[in-house]
Amino acid sequence: MAASLWLAAAVPLPVVDGWAQIAPSLATIEGSGVACLIDERGLFLAHASVLPRSPVFAARLKTGPAALRVISEDSETGLVLLEAIPPFRSPGPPFKLAPRGPIDGQKLILGTAAGPRVGLASAQARIGQLRPSLRYVPLQEVKMEQGPAPLVGSPAFDSQGRLVGMIGALTALPPGPELMPTRLVGPNDLAVGFAYGPSLLHRVVEGFRSPERIVKHPSIGVFFKFGGVPGATIEAVMPDSPAAKAGIQVGDVVVEADGARIASPVEFAATLFNAEVGSPMKLRLRRGDRVEEVTVTIGFQPEAR
């Protein structure tokens with residue numbers, strides 16, 4: 001996903017309820033963004049867009065200055081795992097992840113290097129495509145003020161201080177009538193962000209906290225598209241992949257997965273996104289004039305550095 005950044009003149013920051021409980025568990029990376037404490041041993045989650053180019057860089061915690069370094073990266077999402085270089089004194093408790101995404105109209109608190117911003121959750125039914133794998137993932141829209149600091153890479157929190165999303169891309173909203181139910185923020189123009197939600201964040205955090213520091217995204221090793229007929233048309237099968245071992249071929253059309261009808265590539269993508277690594281999935285395929293049934297074991301696509 002392409003990400004654009006906007007800068008605006010500094011304005012007085014609003015008083016944001018709930019920020020006091022969030023701020024102690026953030027590491028501020030001067031001028032670029034923030035990282036979220038996810039483990040009391042000094043592990044932080046951040047978006048790659050907010051990091052300096054150096055392998056070790058300075059940050060500021062409530063407990064004082066700190067040095068952070070990247071120890072793993074999920075190139076699918078652009079999320080990175082940072083480690084505080086010892087000695088480390090935890091500035092606050094690790095963030096908890098919300099069990100589900102925010103509902104439309106829910107107020108969110110956004111963390112930036114310049115302080116808190118307020119956003120509103122809007123449409124949840126957005127689909128994004130991640131590169132380099134072209135994986136489809138569900139996204140949450142968040143409307144917000146553009147503000148004096150980059151917003152791509154900003155974490156979003158609910159009123160209980162739980163992490164509910166991470167802004168992965170941003171676009172401007174066109175001039176027009178009021179786009180928020182109430183004017184919660186300052187005088188700057190509005191933008192809409194597209195956030196990775198809790199389901200994806202849970203997967204990334206679980207992988208980063210594992211001994212291997214690897215995020216396991218479900219995969220069967222295929223690329224697929226809309227082929228002019230209902231279903232998902234297979235356009236490439238990776239060698240030695242779960243799909244190849246199951247006998248799936250280029251040109252097959254997936255029309256059913258575990259008994260559920262697949263009408264489009266997006267539906268198949270959503271099914272794969274929610275699959276559990278290591279579990280079997282029964283697929284019904286249309287192959288020319290025939291219908292084939294195969295069972296494929298869900299593998300994973302590790303993307304770590």
Side-chain angles (χ1 to χ4, degrees), residues 16-52 54-102 108-117 153-168 195-217 277 302-305:
V16 178
D17 294 337
W19 181 247
Q21 72 180 97
I22 294 170
S25 300
L26 293 177
T28 301
I29 302 163
E30 186 175 357
S32 55
V34 297
C36 306
L37 183 67
I38 59 171
D39 190 284
E40 60 188 7
R41 293 169 295 180
L43 299 181
F44 290 82
L45 178 71
H47 194 278
S49 64
V50 307
L51 302 184
S54 58
V56 178
F57 49 89
R60 176 158 293 279
L61 309 175
K62 183 181 180 181
T63 50
L68 301 179
R69 63 186 173 194
V70 177
I71 59 172
S72 188
E73 179 176 353
D74 177 37
S75 64
E76 291 276 347
T77 59
L79 297 175
V80 295
L81 179 65
L82 307 176
E83 179 183 49
I85 298 174
F88 171 75
R89 185 158 60 96
S90 180
F95 284 109
K96 295 180 179 179
L97 273 66
R100 61 187 63 86
L108 302 176
I109 305 170
L110 306 175
T112 79
R117 281 288 185 253
S154 296
F157 305 93
D158 62 16
S159 60
Q160 299 179 51
R162 299 177 301 187
L163 184 61
V164 297
M166 184 80 74
I167 305 296
Y196 305 137
S199 57
L200 186 53
L201 292 180
H202 273 281
R203 181 181 298 160
V204 172
V205 170
E206 180 181 355
F208 279 165
R209 294 185 66 179
S210 70
E212 301 85 8
R213 308 293 193 216
I214 293 176
V215 180
K216 297 181 178 180
H217 294 286
V277 173
E303 294 288 346
R305 295 177 188 173

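Since the model is a prediction, treat every value here as computed from it, not as a measurement. The first residue of the sequence shown is numbered 1, and numbering continues consecutively from there. Only this structure's heavy atoms are used, side chains among them; waters, hydrogens and symmetry mates stay out.
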Looking at every non-hydrogen atom in both residues, tell me the closest pair between [X] and [Y] and how far apart they are.
X: Val50; Y: Gly33; answer: CB-CA, 3.9 Å
X: Val80; Y: Phe208; answer: C-CE1, 3.6 Å
X: Val277; Y: Lys216; answer: CG2-O, 4.1 Å
X: Gln21; Y: Gln160; answer: NE2-O, 3.2 Å
X: Ala84; Y: Leu68; answer: CA-CD2, 3.6 Å
X: Pro198; Y: Val164; answer: CD-O, 3.2 Å

Could you tell me if the side chain of [Y] sits less than 4.5 Å from the side chain of [X], heavy atoms only?
X: Arg89; Y: Leu61; answer: no
X: Pro94; Y: Glu40; answer: yes
X: Leu82; Y: Leu51; answer: yes

Open item on the list: Using the side-chain contact (heavy atoms from CB on, under 4.5 Å) criterion, which residues pair with Ser25? Sequence neighbours excluded.
Closed with: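 Ser25 satisfies side-chain contact (heavy atoms from CB on, under 4.5 Å) with Leu37, Pro93, Phe95 once adjacent residues are dropped.
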Going from [atom1] on [X] to [atom2] on [Y], what distance comes out if it is rounded to the nearest 0.5 angstrom?
X: Glu83; Y: Ile71; atom1: CD; atom2: CD1; result: 4.5 Å
X: Asp158; Y: Arg100; atom1: CG; atom2: CZ; result: 11.0 Å
X: Met166; Y: Leu201; atom1: CE; atom2: CG; result: 6.0 Å
X: His47; Y: Glu73; atom1: NE2; atom2: CD; result: 9.5 Å
X: His202; Y: Leu163; atom1: NE2; atom2: CG; result: 8.5 Å
X: Leu79; Y: Ser49; atom1: CG; atom2: OG; result: 9.5 Å

Open item on the list: My understanding is that only one of Val70, Leu45, Ile38 makes a side chain to side chain contact (heavy atoms under 4.5 Å, CB included) with Leu81; could you say which?
Closed with: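 Testing each of Val70, Leu45, Ile38 against Leu81, the sole residue satisfying side chain to side chain contact (heavy atoms under 4.5 Å, CB included) is Ile38.
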Open item on the list: Please determine whether side chain to side chain contact (heavy atoms under 4.5 Å, CB included) holds for the pair Arg203 and Thr77, giving the CA-CA distance in whole Å, both sets of side-chain angles, and the decisive distance to 0.1 Å.
Closed with: CA-CA 11 Å; Arg203 181 181 298 160; Thr77 59; over 6 Å; no
Open item on the list: With side chain to side chain contact (heavy atoms under 4.5 Å, CB included) as the criterion, how do Glu76 and Val215 come out once you've worked through the C-alpha distance, each side chain's angles and the decisive distance to 0.1 Å?
Closed with: CA-CA 9 Å; Glu76 291 276 347; Val215 180; over 6 Å; no
- [ ] May I ask you to decide if Leu110's main-chain N or O and Ser154's side chain share a donor-acceptor pair within less than 3.5 Å?
- [x] no
